[in-house]
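Numbered from 1 within each chain, the chains take letters A, B, ... in sequence-line order.
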Amino acid sequence: MAVSADPPSQVQVHLFAGLREAMGWSEQLVELAPAADATPHQLWRQLGLQPAHPPAGVRVAINQQFATWDASLAAGDELAFLPPISGG
Amino acid sequence: MAVSADPPSQVQVHLFAGLREAMGWSEQLVELAPAADATPHQLWRQLGLQPAHPPAGVRVAINQQFATWDASLAAGDELAFLPPISGG
Amino acid sequence: MLAIQLEAEPFEPLQALAEWHQLLAAELGMLPAAESHFVGRVRPSGANDSPLTALELEHYPGMTEACIASLAAAAAGQHGATAVLVRHRIGLVLPGDPIVLVAIGADRRGPAQRCCQELLEALKHDAPFWKREWHADGSSAWITGNTAL
Amino acid sequence: MLAIQLEAEPFEPLQALAEWHQLLAAELGMLPAAESHFVGRVRPSGANDSPLTALELEHYPGMTEACIASLAAAAAGQHGATAVLVRHRIGLVLPGDPIVLVAIGADRRGPAQRCCQELLEALKHDAPFWKREWHADGSSAWITGNTAL
């Protein structure tokens with residue numbers, strides 16, 4: 001069918017610092033569930049990231065820009081979960 | 001007489017910057033009037049410094065410490081009139 | 001004028017400032033009337049006063065640089081600063097070694113100082129860096145907040 | 001630790017900071033975790049936008065040095081700063097040349113920055129310095145206030 005020839009809807013997910021270490025991986029190509037309205041929040045659950053409800057200090061970036069937890073993800077996006085920042 | 005053998009009551013007066021230039025001198029040994037209660041304010045008048053009433057921005061130092069216009073001067077003191085400061 | 005650099009190796013803040021001065025003199029013809037600098041170095045002890053062997057700085061390649069550039073441009077614009085320099089370490093940094101250098105050039109002291117202060121806070125809170133403290137016994141801990149102001 | 005110096009000749013702020021670092025490293029064994037610097041230079045034009053050929057700085061020998069030392073000690077004490085450096089020009093200073101360098105070492109960024117800012121304001125308002133602007137036509141004028149913050 002024509003539909004099966006479509007490229008899979010994938011998102012590249014990055015974890016950093018304590019979150020990366022707790023989960024044991026730093027990046028993953030994740031298949032978006034077809035017809036699902038994918039958001040960072042939904043992917044956090046889909047990937048089984050802990051704790052199940054993302055802690056207040058954790059931020060989200062889509063394509064290397066800060067984004068909200070309910071932003072819409074599109075195929076090919078780069079999504080990152082950023083634990084509490086401590087620079088400078 | 002014993003009194004005439006006393007050392008004269010002198011104060012060293014310093015002027016700076018615009019005040020020095022306006023008056024045409026930078027330091028002077030000034031004789032304190034005997035029995036006068038000498039103060040910076042009184043010396044400003046005695047020296048004929050201009051304007052007759054010292055402007056708000058001008059400050060006074062006695063022995064290189066900021067002082068008030070009505071502080072008591074003693075023989076040997078170093079008195080300075082400091083026009084508005086602009087350092088740094 | 002923004003000059004931003006992540007440093008994977010130890011850097012000398014005064015050397016970085018000297019290079020920045022050369023750049024400024026070449027671009028502006030003259031150094032700015034007011035300059036404010038901040039240098040931050042690794043403390044010898046960590047969050048719970050235990051001695052540190054090193055501080056590790058993780059970042060998000062690409063996003064961190066872009067983020068610093070955008071924070072720097074925003075701070076410069078807001079305060080009317082002429083020039084901004086940011087050098088920030090990544091990787092393992094030893095106690096006493098510089099982590100961050102922020103320098104601002106402006107025409108007046110107030111904007112230079114305020115811009116320097118605000119950009120430093122912005123870097124601490126809004127640029128993706130993560131610090132991990134390493135201890136003598138080989139243990140380590142990620143820091144989840146900033147040091148007190 | 002106070003390091004204060006009046007400079008009758010041009011000085012290089014980064015060189016002065018390098019010497020200060022050597023002194024700090026020798027005295028404290030390690031450089032402070034937070035350092036805030038300010039450098040002020042002569043602007044190319046004066047109070048009424050006319051080009052300057054030079055700025056002249058007059059001071060009160062003895063009192064000026066003592067005054068800076070006491071302002072520096074007070075600021076350091078108030079903010080808990082570890083180290084203070086002040087270098088201040090006297091005499092004729094050319095456009096673009098440094099007039100003042102203030103550097104503060106402290107354990108935290110807030111005290112370092114606040115101490116640097118407050119000491120600079122104190123120097124501007126409470127240390128006996130007087131500035132005279134010299135113009136190309138040989139005329140000059142004493143400045144009776146500070147530049148805007």
Quiz item: Given the rule in the side chain to side chain contact (heavy atoms under 4.5 Å, CB included) test, do D/Lys131 and B/Ile85 qualify, once you have shown the distances and angles that lead to the verdict?
Solution: CA-CA 8 Å; D/Lys131 284 182 185 148; B/Ile85 279 171; over 6 Å; no

Quiz item: Do any of residues 83-100 of chain D have a heavy atom less than 4.5 Å from a heavy atom of chain B, and if so, which, in residue order?
Solution: D/His88, D/Ile99, D/Val100

Exercise. Might you point out which heavy atoms bring B/Phe16 and D/His59 nearest each other, and give the distance in Å?
Key: CE2-O, 3.6 Å

Exercise. Take B/Leu82 and D/Met63 through the side chain to side chain contact (heavy atoms under 4.5 Å, CB included) test and state the conclusion after the steps.
Key: CA-CA 11 Å; B/Leu82 313 175; D/Met63 179 170 177; 4.2 Å; yes

If you look only at distance, which donor and acceptor atoms sit under 3.5 Å apart when one is on a side chain in residues 65-78 of chain D and the other is two or more places apart or in another chain?
residue, atom, partner, partner atom, Å
D/Glu65, OE1, D/Gly62, N, 2.7

Quiz item: Do you know which of B/His14, B/Gln65, B/Glu21, B/Glu78 has the most heavy-atom pairs under 4.5 Å to chain D?
Solution: B/Glu21

Exercise. Could you note down all residue pairs passing ring-ring contact (aromatic ring centres under 6.0 Å, His included) where residues 2-50 of chain D supplies at least one of them, sequence neighbours left out?
Key: C/His37-D/His37

Practice problem: Give, for atom OG of B/Ser86 and atom CZ of D/Arg132, the distance between the pair rounded to the nearest 0.5 Å. | Solution: 12.0 Å

Self-check item: Shortest non-hydrogen contact from B/Gly18 toward D/Trp142
Solution: CA-CD1, 3.5 Å

Practice problem: Kindly state each residue pair satisfying ring-ring contact (aromatic ring centres under 6.0 Å, His included) with at least one member in residues 49-88 of chain B, sequence neighbours excluded. | Solution: B/His41-B/His53, B/His41-B/Trp69, B/Trp44-B/Trp69, B/Trp44-B/Phe81, B/Trp69-B/Phe81

Quiz prompt | Part of D/Trp130 within contact of chain B (heavy atom distance under 4.5 Å) | solution = both

